[in-house]
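Inspection log for the structure reproduced underneath, given as structure tokens.
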Amino acid sequence: MPPAVTLAPFPWTDVWGQDDAVAALRTAASDPSALSHAWLITGPPGSGRSTLAYAFAAALVADSPDDEHAMRQVFAGTHPDVTALRTDKVIITIKEARSLVERSYFAPSAGRYRVIVVEDADRMVERTSNVLLKALEEPPENTVWILCAPSEADLLPTIRSRVRPLRLREPDVDDVTRLIVQRTGADEVTAEQAARHSQRHIGMAQRLATDDAARQRRDTTLRSVLGVRGVGSAVEVAGHIIQAATDDAKALTAERDAAERASLLRTVGIAEGQAVPPALRSQISALEDDQKKRATRSLRDGIDRVLTDLQSMFRDVVMLQYGRGEDLINRELRDDLSAMAHAWSVTRTLVVLDHLAETRESLERNVAPTLALESLLVTVASGRKP
């Protein structure tokens, strides 16, 4: 059993492996001279950006380090002085940004500060980012903005120049393994494999360690791509990948969608099974529209996760081609990857990796996922871009 992970005191308990960042934010929360009006927390997916943001928000609104009630309100999403934007849609809209700006000018009602948390600040297009500029240029007194994004480059220079950056470190596989064992009770072998396959993404590692179906789905996908030999099999495998991602997205969103609809119906006084009056149908339609957008985002995130897994596999092929087989992500596929490394030239592998990167970018530009994957897998089969 690996040694337990040492955690900071509440509200920082769930922030793991980011001692320097925690120290900086604990100081800022307790010392006004160290506090900036706007922060940008960056780090790779799974590094704990949003977890750290809410811990910081909790420390800011609490009257003292012992004010656990207020801090738990933040984590429950019920504190009146913390406004959070967690978008499940493709982009953050101008309407959502304007609502945040309006809230930022309210004085704190219960805590020491009003805190605005934007979890996916990289999902703002330029026009939306510009909506935030005035609030960041002329910050309201006692308001703190906390933006989260994968990297500083994901935001406009005008935004970056008005925030204090805080870069999170990437944990290594052993670190994530220890945390997964501690959090989930998984055996060390399963936890290590999950940490490796997730490429140290903590949330994904937890899912892989605790979900047999997710592990099987990943293995099946990689092996099916290794078996692509021509256009016919490329089209077939692309269809299977899209279907699996669609089913996964539906499983992740269906329960939440049903709960949201039931909650809305209760709020407007409609019993289960009762017809919705015409005057209220617009509210139901608005909810359904938001849920469709969230489903689209969930599907794209699922496909992007598949592409990330494929990148790890072809990265392993390159490593083997250069004689660096001691640090493979997909060790379980070593024999198949070694055969591919010998059969392919390095140039061919790099062409596939380049097309993988282009496919991820294309999906962000709303290219049809099936066509994008078919094109990618034809490149895998032929070594040439269509």
Side-chain angles (χ1 to χ4, degrees), residues 11 21 24-43 48-63 70-71 73-168 286 290 293 297:
L25 295 182
R26 289 181 71 182
T27 298
S30 61
D31 180 3
S33 66
L35 180 64
S36 172
H37 74 282
W39 298 74
L40 173 60
I41 301 175
T42 62
R49 299 185 304 254
S50 58
T51 302
L52 182 62
Y54 289 111
F56 185 31
L60 285 170
V61 300
D63 289 330
M71 291 188 281
Q73 281 186 302
V74 173
F75 292 120
T78 59
H79 197 285
D81 294 329
V82 177
T83 302
L85 180 58
R86 309 175 179 91
T87 184
D88 295 306
K89 294 174 286 188
V90 177
I91 63 170
I92 294 173
T93 65
I94 288 180
K95 180 180 179 181
E96 289 170 325
R98 285 175 177 159
S99 176
L100 290 179
V101 171
E102 290 174 3
R103 296 285 298 177
S104 75
Y105 284 96
F106 295 170
S109 61
R112 296 181 299 148
Y113 297 95
R114 177 164 295 280
V115 184
I116 312 292
V117 179
V118 183
E119 288 193 26
D120 300 289
D122 54 306
R123 294 185 184 176
M124 292 187 294
V125 297
E126 183 172 353
R127 289 177 58 215
T128 307
S129 297
N130 289 333
V131 172
L132 298 185
L133 278 179
K134 185 175 181 181
L136 296 178
E137 289 170 343
E138 303 173 11
E141 187 177 2
N142 295 328
T143 291
V144 178
W145 287 81
I146 308 173
L147 311 182
C148 302
S151 72
E152 293 182 42
D154 291 315
L155 300 181
L156 294 178
T158 47
I159 296 288
R160 299 201 302 265
S161 66
R162 290 163 174 81
V163 298
R164 178 173 169 181
L166 190 67
R167 175 74 181 178
L168 303 188
D290 283 344
K293 292 176 181 177
R297 183 76 242 178

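Note that the structure is predicted; figures quoted are calculated from it, not measured. Starting from 1, each residue takes its place in the sequence as its number.
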Problem - Minimum heavy-atom distance Trp39-Ala28, with the two atoms named - result: CZ2-CB, 3.7 Å
Exercise for the section: Evaluate the side-chain contact (heavy atoms from CB on, under 4.5 Å) criterion for residues Val163 and Leu155: first the C-alpha distance (whole Å), next the side-chain angles of each, then the deciding distance (0.1 Å), finally the verdict. Expected result: CA-CA 11 Å; Val163 298; Leu155 300 181; 5.8 Å; no
Exercise for the section: Indicate the atoms forming the closest heavy-atom contact of Leu60 with Ala29, along with that distance. Expected result: CD2-CA, 4.0 Å
Exercise for the section: Find out whether Asn142 and Arg112 are in side-chain contact, i.e. whether some heavy atom of one side chain is under 4.5 Å from a heavy atom of the other. Expected result: no
Exercise for the section: Working to the nearest 0.5 Å, report the span between CZ of Arg26 and CG of Asp31. Expected result: 13.5 Å
Fill in the blank from the handout: Output for pair (Leu156 CG, Asn130 CG), nearest 0.5 Å, gives 6.5 Å
Practice task
Answer yes if the side chains of Tyr54 and Glu119 hold a donor-acceptor pair under 3.5 Å, and no otherwise.
Solution key: yes
Exercise for the section: Measure the spacing between CZ of Arg123 and CG of Leu85 and express it to the nearest 0.5 Å. Expected result: 10.0 Å
Handout entry: side-chain contact (heavy atoms from CB on, under 4.5 Å) between Ile159 and Leu147, worked out
Key = CA-CA 10 Å; Ile159 296 288; Leu147 311 182; 4.0 Å; yes
Fill in the blank from the handout: Rounding to 0.5 Å, atoms CG (Leu52) and CG (Leu25) come to a distance of 5.0 Å
Practice task
Mind listing the closest non-hydrogen atom pair of Cys148 and Arg49 along with its distance?
Solution key: SG-O, 3.9 Å
Handout entry: Minimal non-hydrogen separation, Ala110 against His79, with atom names
Key = CB-CE1, 4.2 Å
Handout entry: 4.5 Å side-chain heavy-atom contact, Val61 and Pro108
Key = no
Problem - Ala149 backbone acceptor or donor facing Asp154 side chain under 3.5 Å - result: no
Exercise for the section: Quick one: do Tyr113 and Leu35 satisfy side-chain contact (heavy atoms from CB on, under 4.5 Å)? Show the steps, please. Expected result: CA-CA 11 Å; Tyr113 297 95; Leu35 180 64; 3.5 Å; yes
Practice task
Report yes if the side chains of Arg162 and Leu133 come closer than 4.5 Å at any heavy-atom pair, otherwise no.
Solution key: yes
Exercise for the section: Evaluate the side-chain contact (heavy atoms from CB on, under 4.5 Å) criterion for residues Leu132 and Val101: first the C-alpha distance (whole Å), next the side-chain angles of each, then the deciding distance (0.1 Å), finally the verdict. Expected result: CA-CA 7 Å; Leu132 298 185; Val101 171; 3.8 Å; yes
Practice task
List the atom of Arg167, the atom of Thr42, and the distance in Å for their closest heavy-atom pair.
Solution key: CD-OG1, 3.4 Å
Fill in the blank from the handout: Note: Ala57 and Ile146 closest approach over all heavy atoms is N-CD1, 4.1 Å
Practice task
Measure the shortest side-chain to side-chain distance between Val74 and Val115 over non-hydrogen atoms and say whether it is less than 4.5 angstrom.
Solution key: no
Practice task
State the CD-OG1 distance between Glu141 and Thr143, to the nearest 0.5 angstrom.
Solution key: 9.0 Å
Completion exercise
The reported gap from CD1 in Ile116 to OG in Ser104 (rounded to nearest 0.5 angstrom) is 5.5 Å
